[in-house]
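Step one of this worksheet: look at the structure below.
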Amino acid sequence: MTAFSSLPLSVPQLDALRSLGYETMTEVQTQTLPLTLRGQDIIAQAKTGSGKTAAFGIGLLHQINPRFFGAQALVLCPTRELAEQVGKEIRKLARFIPNIKLVLLCGGKPIGPQIGSLEHGAHIIVGTPGRIQDHLRKNTLKLDGLKTLVLDEADRMLDMGFAEVMKDIISQIPASRQTLLFSATYPDGIQQISQQIQRNPTHIRVSAEHQSTVIEQTFYEVGESQRDDALIALFQHYQPQSCVVFCHTKKQCDAVALLLQKHRITALALHGDLEQRQRDQVLVRFANQSCPVLVATDVAARGLDIKSLQMVINYELPRDPEIYVHRIGRTGRAGETGLAMSIVTPPQTPRIHAIEKYRDHTCHCDVLSSLKPKNDFALTASMVTIQIDAGRKNKLRPGDILGALTGDAGLAAKHIGKIDIFDLSSYVAVESAVFKQALNYLNKGKVKGRPIRARSLL
């Protein structure tokens, strides 16, 4: 264990780390930060949850000159959800460094307010490739003073077809910059883009393997016609309270979510065809425990902020063993154990062999008849989400909603779950038993002294 205090960081930066409870570095931070602080280019392979955001966040903050109000660091992320998480984490890391301004530039949001924010100057830009390119074309963003470029989850950006957009953005950045490339997997495309944009990068690989004692992994070999039965049997046997089912296509996601719903298992699909508002609502409901099962594609699931996930099911095994390892790494975190179950049809058997070769470990295979499903099993949510038609733009804060519900509405704080505030709307999770009481009050009462509109997301 290496302490952050061993690094040549400023006093305000060390104070911020202490306030966040960050005393010792994770493996990825230990390996990358000394190099990053010396200005070196790096390629780091690290899975989600390894502490990589703090690794590059601390590094880019070290290079910022607060007195110069121009873009000095750019972080490119594949999705808006990940960009918002990254922005939130960097703001926390910069909490005791005065006058640092970060602007989030993502698609799915009005461009006008973003232009207004940029006019006042910003030190750090975090955003998605398409929207960053829009601002560059409009000349509302200038990157000629950039010191640090970060590509976060670069493999997903390539998978999503952003290669040409990324090249266009990078062509407008000074060649003298530092470039930090983070990727969960290392396909040929990553090697090629590194050769084009980096200078003598150090390649760091943090083990993505998971201990067998932490994640129980089993592969169930079934006939093609048995795949749906196998999925239901896995739920009825293991009875997880939270689960992500991974599918290969958007159409498959919708079909599997419908199948689960027909078997009294509350599930929502997450894929690229959803509008941004729908994506927000699905992610909010899954994160706040008002939907226990998420059926998702790999691209859609990137950047999910899941604190505790009991089970991952591969409805279809991925072709790339690294993606398999990344998928199952979403469970068994923070000292908890997890389950990773995979349904394998005969044409997919070679994918098991590829995983065995990649992990240098024999996969445990089983048959469907070993499961003991309980046919009366139903999986419903313990919470219900209420949407409120007011948000950040209305100066609404989580404490305002909590105060209204625990005050005049008469609810106990223990009955209220996660509260999420967006620009124009907010979401609060409440226990099912007090849902009607909460909704009635919000529709008839007031929050921050004014009436609001509220509805349930069911």
Side-chain angles (χ1 to χ4, degrees), residues 80-81 84 88 108-110 239-244 254 257-258 260-270 274-296 304-310 376-458:
R80 172 182 151 191
E81 290 77 25
E84 287 175 343
K88 192 174 178 182
K109 293 277 195 177
Q239 302 191 9
Q241 294 306 299
S242 60
C243 179
V244 174
D254 287 332
L258 190 61
L260 292 172
Q261 290 161 12
K262 285 179 179 176
H263 284 82
R264 298 182 299 154
I265 297 168
T266 304
L268 291 169
L270 180 70
L274 298 183
E275 295 176 1
Q276 191 61 52
R277 178 182 54 82
Q278 294 172 310
R279 282 178 62 82
D280 288 341
Q281 291 178 354
V282 169
L283 289 168
V284 161
R285 288 183 61 186
F286 185 66
N288 71 14
Q289 300 179 333
S290 63
C291 176
V293 181
L294 191 67
V295 185
L304 283 183
D305 187 18
I306 309 165
K307 293 291 184 283
S308 179
L309 182 62
Q310 290 182 9
D376 59 346
F377 172 69
L379 181 54
T380 56
S382 59
M383 311 290 278
V384 178
T385 298
I386 297 174
Q387 179 183 348
I388 297 168
D389 288 345
R392 202 175 289 118
K393 293 284 179 70
N394 309 100
K395 309 295 184 188
L396 197 63
R397 298 170 304 175
D400 300 322
I401 297 171
L402 183 63
L405 291 174
T406 56
D408 294 340
L411 272 65
K414 66 181 181 180
H415 297 311
I416 301 166
K418 196 166 180 280
I419 298 173
D420 293 277
I421 309 288
F422 289 78
D423 283 349
L424 300 173
S425 57
S426 302
Y427 302 92
V428 54
V430 297
E431 289 185 1
S432 302
V434 298
F435 154 65
K436 287 185 179 177
Q437 182 183 345
L439 185 62
N440 287 339
Y441 171 78
L442 289 171
N443 273 323
K444 293 175 183 176
K446 294 180 179 181
V447 176
K448 285 196 84 170
R450 67 165 178 262
I452 52 149
R453 287 187 302 170
R455 67 183 69 84
S456 63
L457 292 182
L458 294 172

Original post:
Below 4.5 Å, heavy atoms only, C-beta onward: do Lys109 and Asp423 meet side chain to side chain?
Top reply: yes
Original post:
Which distance, rounded to the nearest 0.5 Å, do you find between the CG of Leu405 and the CD of Gln437?
Top reply: 9.0 Å
Original post:
Do you know which two heavy atoms are closest between Ala412 and Thr406, and how far apart they sit?
Top reply: C-CG2, 4.3 Å
Original post:
Hey, what do you get for CG (Leu439) to NZ (Lys444), rounding to the nearest 0.5 Å?
Top reply: 10.0 Å
Original post:
Which pair of non-hydrogen atoms, one from Ala269 and one from Asp254, has the smallest distance, and what is that distance?
Top reply: CB-OD1, 3.6 Å
Original post:
Less than 4.0 Å between a side-chain N and a carboxylate O, is that true for Arg80 and Asp280?
Top reply: yes
Return all side-chain donor-acceptor pairs below 3.5 angstrom for residues 284-295, not counting sequence neighbours, or 'none' if the list is empty.
unit_1	atom_1	unit_2	atom_2	d
Asn288	OD1	Ser290	N	3.0
Asn288	OD1	Ser290	OG	2.8
Asn288	OD1	Thr385	OG1	3.4
Asn288	ND2	Val284	O	3.3
Asn288	ND2	Thr385	OG1	3.0
Ser290	OG	Arg285	O	3.3
Ser290	OG	Thr385	OG1	2.5

Subject >> Under 3.5 Å: donor-acceptor pair, side chain of Ser425, backbone of Ile388 >> reply: no
**OP:** Please report the closest heavy-atom contact between Gln310 and Gln241, naming both atoms and the distance.
**Re:** OE1-N, 2.9 Å
Subject >> Closest non-hydrogen atom pair between Ser426 and Gly391, with its separation >> reply: OG-CA, 3.6 Å
**OP:** Report yes or no: does Tyr441 contribute a side-chain atom to a donor-acceptor pair with the main-chain N or O of Leu411 at less than 3.5 Å?
**Re:** no
Original post:
Between Ile401 and Ile421, does a side-chain contact (heavy atoms from CB on, under 4.5 Å) hold up when you go through it step by step?
Top reply: CA-CA 10 Å; Ile401 297 171; Ile421 309 288; 3.8 Å; yes
Original post:
With Phe422, which residues qualify under ring pair (Phe, Tyr, Trp, His ring centres under 6.0 Å), at least two apart?
Top reply: Tyr427
Subject >> Any side-chain heavy-atom pair of Gln261 and Thr266 under 4.5 Å >> reply: no
Original post:
Do Lys448 side-chain atoms and Arg397 backbone N/O form a donor-acceptor pair below 3.5 Å?
Top reply: no
Original post:
Where do Asp400 and Lys395 come nearest, in terms of heavy atoms and distance?
Top reply: OD2-O, 3.7 Å
Name each donor-acceptor pair under 3.5 Å that joins a side chain in residues 450-458 to protein atoms two or more places apart or in another chain, with its distance.
unit_1	atom_1	unit_2	atom_2	d
Arg450	NH2	Asn394	O	3.1
Arg455	NH1	Asp389	OD1	3.1
Arg455	NH2	Asp389	OD2	2.8

Original post:
With distance as the sole test, does Gln278 use its side chain to make a donor-acceptor pair with the main-chain N or O of Glu275 at under 3.5 Å?
Top reply: yes
Original post:
Considering all heavy atoms of both residues, which atom of Lys446 and which atom of Ala404 are nearest to each other, and what is their separation?
Top reply: O-CB, 4.0 Å
Original post:
Can Gln276 and Glu81 be said to form a side-chain contact (heavy atoms from CB on, under 4.5 Å), step by step?
Top reply: CA-CA 10 Å; Gln276 191 61 52; Glu81 290 77 25; 3.0 Å; yes
